[in-house]
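Order of appearance sets the numbers: ligands from 1, and atoms from 1 within every ligand. Throughout, numbering of the chain's residues begins at 1 and tracks the sequence.
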Amino acid sequence: MINIIGLGYIGLPTALMFAKHGIKVVGTDNNAELVSSLTDGRLSFEEEGLEELFQAAQANRIAFSTEYQRTHTYIIAVPTPYIKESKKLDPKYVFAAVNSVLDVCEKGTAIIIESTISPGTIDKYVRPVIEKRGYVIGQDVHLLHAPERIIPGSMIYELEHNSRTIGTDNLEIGNKIKDLYSSFCKSEILVTDIRSAEMSKVVENTYRDINIAFANELAKICRTDDMDVYEIIRIANKHPRVNILQPGPGVGGHCISVDPWFLVGDYPDLTNLILTARKINDSMPRHVLGRIRDIMREHGIKDISKVGLYGLTYKENVDDTRESPTLQLLDRMDEHLAFGVKVFDPFVKTRIVDHQFINFEDFLNEIEILVIMVGHDHIKNNMELINNKLVLDTKNICVLKDSYKL
Ligand code: SAJ
């Protein structure tokens with residue numbers, strides 16, 4: 001039996017996937033409300049294919065509990081909240097989970113950390129937690145890191161099809177855990193040391209951040225001379241060794257906008273490129289603000305309350321608003337501006353910012369300038385409702401002829 005600790009965006013789909021493939025799973029979370037709603041068959045977030053996966057896992061009798069179970073394999077997928085001020089992750093929930101595992105585990109148990117952590121966390125911080133309790137790592141307890149790589153919006157597909165990495169000190173245990181993950185993972189599973197597993201995860205996200213920053217810098221260059229950045233990227237990407245990502249209103253989420261900071265924090269003298277990329281991506285909400293001002297000026301619109309931001313989530317077709325470019329933009333707007341600007345997102349049904357609308361048509365009725373911050377399918381399917389607006393399309397999804405771009 002595996003005990004999966006933390007039933008959020010990563011822990012839950014992973015637990016369901018193991019259960020679907022016939023492995024006995026208990027999912028543990030200290031949120032009693034979440035545990036009881038999962039037990040009653042209600043999911044806590046939306047994701048393509050999650051409902052079907054849940055049904056398949058229920059058929060194999062997955063269980064949910066607030067209690068840690070006595071077993072020999074634990075997967076820890078608890079949150080590691082980002083502390084904006086220090087640009088570090090707070091590993092307190094990982095420590096708490098490890099401590100609770102130690103209270104109940106069998107001798108020789110494997111503790112696999114899937115939560116996002118910064119490189120060095122396991123050696124510097126997790127090992128001491130275990131050793132302080134008198135356990136010998138490698139005998140009483142085996143410590144592994146299996147960083148998740150799935151992308152929100154395509155999580156279920158990627159759980160099965162992405163390659164994985166397992167970091168361990170002990171090849172034999174690493175291979176056993178590899179077999180466990182191969183119950184559902186159809187792709188290559190690489191067994192490596194813990195430090196390489198930690199580092200490669202952060203490197204992957206940093207690579208993507210830098211690539212997006214390049215696209216964003218190109219967008220700014222093209223704006224100054226009225227060139228079409230999308231056309232230029234489209235053509236450049238026809239080259240067999242060029243693959244530029246897409247510019248946008250900024251980089252959000254809990255991963256790509258966060259992980260590069262660990263490298264900058266640990267290697268300040270060696271991370272010029274990484275830091276510059278972060279700054280470029282962080283500057284995009286301000287660039288969007290400049291574009292909003294351009295349009296207001298051009299059309300003689302003085303009242304900011306005539307501007308509506310479409311999208312509050314960090315990317316399309318998910319309900320996650322962490323570090324979202326729209327929230328970054330609202331933060332950057334001075335008080336006067338933030339006071340009246342309208343906001344709508346079809347995935348965010350509770351009010352989290354001022355002047356947020358829950359009904360799309362009410363939102364449209366109040367605004368003259370629509371700023372597409374997120375390319376949800378919802379807006380793609382409702383283009384006819386916005387053709388009487390001035391549209392600033394930061395995601396290049398708008399088919400309307402006269403829309404403004406980044
Ligand atoms: N974005 C752009 N232009 C692009 C692609 C993305 O501006 O061409 C923006 C998005 O709009 C969003 C942000 O970047 O604001 C991040 O979105 P994303 O879709 O690139 O990535 P995440 O954060 O949802 O997931 C990433 C993935 N990492 C990589 O692709 C290297 C995923 O595989 C990881 O599992 C995840 O981080 C994680 O948990 O670390």
Notebook entry, point to check: Taking NZ, NE, NH1 and NH2 as the nitrogens, is one of them in Asp179 or Lys176 under 4.0 Å from a carboxylate oxygen of the other?
Noted result: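 Looking at Asp179 and Lys176, the cut-off is not met.
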
Next item on the list: Output all residues satisfying side-chain hydrogen bond (donor to acceptor under 3.5 Å, both in side chains) with Arg133, sequence neighbours left out; order by chain, then residue number.
Entry: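 Asn99, Asp103.
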
Item checked: Pairing residues for Tyr9 by the side-chain hydrogen bond (donor to acceptor under 3.5 Å, both in side chains) criterion, not counting sequence neighbours ->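 Result, side-chain hydrogen bond (donor to acceptor under 3.5 Å, both in side chains) vs Tyr9: Asp319.
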
Checklist line | Residue pair Asp345, His376: steps toward the side-chain hydrogen bond (donor to acceptor under 3.5 Å, both in side chains) verdict | finding: CA-CA 9 Å; Asp345 190 307; His376 292 308; 3.1 Å; yes

Note to self: Could you work out, with side-chain contact (heavy atoms from CB on, under 4.5 Å) as the rule, every residue matching Arg286, not counting sequence neighbours?
What the structure shows: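 Partners of Arg286 under the side-chain contact (heavy atoms from CB on, under 4.5 Å) test: Arg332.
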
Next item on the list: Quick one, list the residues around ligand 1 where some non-hydrogen atom comes in under 4.0 Å, by chain and residue number.
Entry: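 Ligand 1 pocket, heavy atoms under 4.0 Å: Glu148, Arg149, Ile150, Ile151, Pro152, Lys201, Glu204, Asn205, Arg208, Ile212, Leu245, Gln246, Gly250, Val251, Gly252, Cys255, Ile256, Tyr314, Lys315, Lys395.
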
Margin query: Between Tyr310 and His378 (judged by ring centroids, cut-off 6.0 Å), do the two rings come close enough to count as a pair?
Written below: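 Yes - the distance between ring centres of Tyr310 and His378 falls below the 6.0 Å cut-off.
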
